[in-house]
Amino acid sequence: MAVHRFPVTVSLTAVLCAAPLAVSSACTASEGAVAPPSPAPILAGAGTAGIATAGVGTAGAPGIGDPDFPRDGNGGYDVEHYGLTLAYDPATRQLTGNAAIRATAVQDLTSFDLDLSGLTVSRVTVGGTPAGFSRQGDELVISPAAPISKGGAFDVVVDYGGVPQPIRGYSGLGTYGFTATADGAFVACEPNGAKTWFPSNDHPADKATYDFRLTVPGGLTAIANGELDGAPVTTGGRTTFVWRERHPMASYLATMTVGRFDVRTGRSAGGLPVYAAVDPAFRDSLDDLYTRSAEITDYWSTVFGPYPFSSTGGVIDDFAAGYALENQTKPLYGGFRPQQSIIAHELAHQWFGDSVSITRWKDLWLNEGFATYAEWLWSEHRGGESADAFFRHYYANATDPMWDYPPGAARPADLFNASVYVRGAMALHALRLDIGDARFFALLRAWTGEHRFGNATTAQFVELAERTSGRKLGPLFDAWLTRPGRPSVASGPPQPAGA
Ligand code: ARG
Ligand code: ZN
């Protein structure tokens, strides 16, 4: 469900071919594909869009076109929906899955990839017909019995299973992906760990809706995104939870966190459903998590624009991940009782990152800079240090390593660098000082409104900031986001500009 494609300046043939303005015949020619005799194309949906008239297309690219993560995501199609039917047994750590994926071809396809790490695939169908498949590293390469035509919708069903392996050792990232715990699983997947538990187009540029049908041993709770569809059903000692996230979601935000949980549900003062869950080791934190999550979501709705999703909440699991993740509607806190600032951060991500998603990982400051700035705003709202005081505090340290790391291009080996968070937040404060409070907060609401449920880039943010403020802001963004060194601040110690 990609709303925005990569800019055509990304010089990968596959990306150019996936771009809406690219002419498919040019792509075919540049690939030099020789068309074998054409069997009937797989079609879904009426009309002529899915009918291949010349040739049978080419293989979808093994990456979606993110230059920093060339094997992440895939080209050639766009996913609309994942239907995941999964059973997990903590005793054996065995995951058994059926993934039903509805997608649309954006080129004529002879084969295409899904991302899947480990696990064993037993069967794949496309359009209900068994398809060929092979594994190449973390790519599941699928060869449908007949080619798929550009514009055609198609259903892929993958049966698979095994013991999921989380991803470790990526500098500064800790463990992520599907991670077994003493009583279940901790599932936090940023940046590319969805592939550890379901076959996917594992990149935020292709968002989709999700249904989860999760079966776990009786007594355990399985928590996914969105809302429960009915009460859990227990039969034969196992319980099935059905969750639906009907708003588009990036794959790294999907979760199926499993374990013993104490749960509190209700509504926020603003009327939004709230679901909070804590591992029994954090029983004392349940009411605080519930209350704060509700209060902060309501507050952010007044600052950032209407809450994008249908429920809010949070989950504290007893796994010492050392980080939290803004899983859509269900931020996940890894083995610690979150302070208000962290809850404020993860809930701000529901607007910045989850509803408005990045198109490539380089732009991660659009998530982390904004969520960090939200921590400062929450402090100010609570009568603590002002955002300006945070800014001046960090600005005063002339030797901070972040001055050598411009946050506008997050580095693939060091994505979550403090600069992406703090200098990214400072860039926003510098902007606020420049354009004034009224225009700054109007800009934040315009950003969440214009790109709601979609994808966006830094260039689009700069463009919107210039459009809403009527100012040329290139030099300011350049100094804060692109150039090494501590930017100069116009005159004296910064003070908040008047509205
Ligand atoms: N986005 C998370 C946050 O709120 C950080 C995730 C870090 N990911 C990881 N694999 N350690 O700041
Ligand atoms: Zn964050």
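First listed ligand is number 1; within each ligand, the first listed atom is number 1.
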Handout entry: Exercise: do Thr458 and Asp363 side chains pair donor with acceptor under 3.5 Å
Key =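 The criterion, which ignores hydrogens and geometry beyond distance, is satisfied for Asp363 and Thr458.
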
Atoms of ligand 1 less than 4.0 Å from [X] heavy atoms?
| X | value |
| --- | --- |
| Glu326 | 1 (N), 2 (C), 3 (C), 4 (O) |
| Ala324 | 2 (C), 3 (C), 4 (O), 5 (C), 6 (C) |
| Tyr176 | 10 (N) |
| Tyr421 | 2 (C), 3 (C), 5 (C), 12 (O) |

Exercise for the section: Kindly report the NE2-the Zn ion (ligand 2)-OE1 angle for His345 and Glu368 respectively, rounded to 10°. Expected result: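 His345 NE2 and Glu368 OE1 form an angle of 110° at the Zn ion (ligand 2).
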
Practice task
Look only at interatomic distance and state if His345 has a nitrogen or oxygen under 3.5 Å from any nitrogen or oxygen of ligand 1.
Solution key: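 Yes; the residue has a nitrogen or oxygen that sits under 3.5 Å from a nitrogen or oxygen of the ligand.
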
Problem - Min N/O separation Glu346 to ligand 1 under 3.5 Å - result: yes

Fill in the blank from the handout: Looking at His349, the N, O or S atom sitting nearest the Zn ion (ligand 2) is NE2

Exercise for the section: Could you tell me whether the Zn ion (ligand 2) has an N, O or S atom of Glu326 under 2.8 Å away? Expected result: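 Given the 2.8 Å cut-off, Glu326 does not count as a ligand of the Zn ion (ligand 2).
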
Handout entry: Protein contact of atom 9 (C) of ligand 1 - nearest heavy atom, named by residue and atom, plus distance
Key =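 Nearest protein contact, heavy atoms only, for atom 9 (C) of ligand 1 is Leu173 O, 3.3 Å.
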
Problem - Protein heavy-atom partner closest to atom 8 (N) of ligand 1 - residue, atom, separation in Å - result: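 Protein heavy atom with the smallest distance to atom 8 (N) of ligand 1: Glu190 O, 3.7 Å.
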
Problem - Charged N-O contact under 4.0 Å between Glu450 and Arg467 - result: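 Looking at Glu450 and Arg467, the cut-off is met.
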
Practice task
Could you tell me whether Arg471 and Asp434 have a side-chain N and a carboxylate O separated by less than 4.0 Å?
Solution key: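 Asp434 and Arg471: salt-bridged.
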
Handout entry: Stacked cation flag Lys207 on Phe453, 6.0 angstrom / 45 deg
Key = no

Problem - Ring-face cation of Arg411 near Tyr405 (centre distance under 6.0 Å, axis angle within 45°) - result: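 That pair qualifies as a cation-pi contact.
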
Exercise for the section: Please say whether more than 12 non-hydrogen atoms of neighbouring residues, nucleotides or ligands are located less than 6.0 Å from CD in Glu463. Expected result: yes

Practice task
To the nearest 0.5 Å, tell me how far Asn327 CG sits from Cys189 SG.
Solution key: 7.5 Å

Practice task
Would you check if the side chain of Asp317 reaches a backbone N or O of Phe319 as a donor-acceptor pair within less than 3.5 Å?
Solution key: no

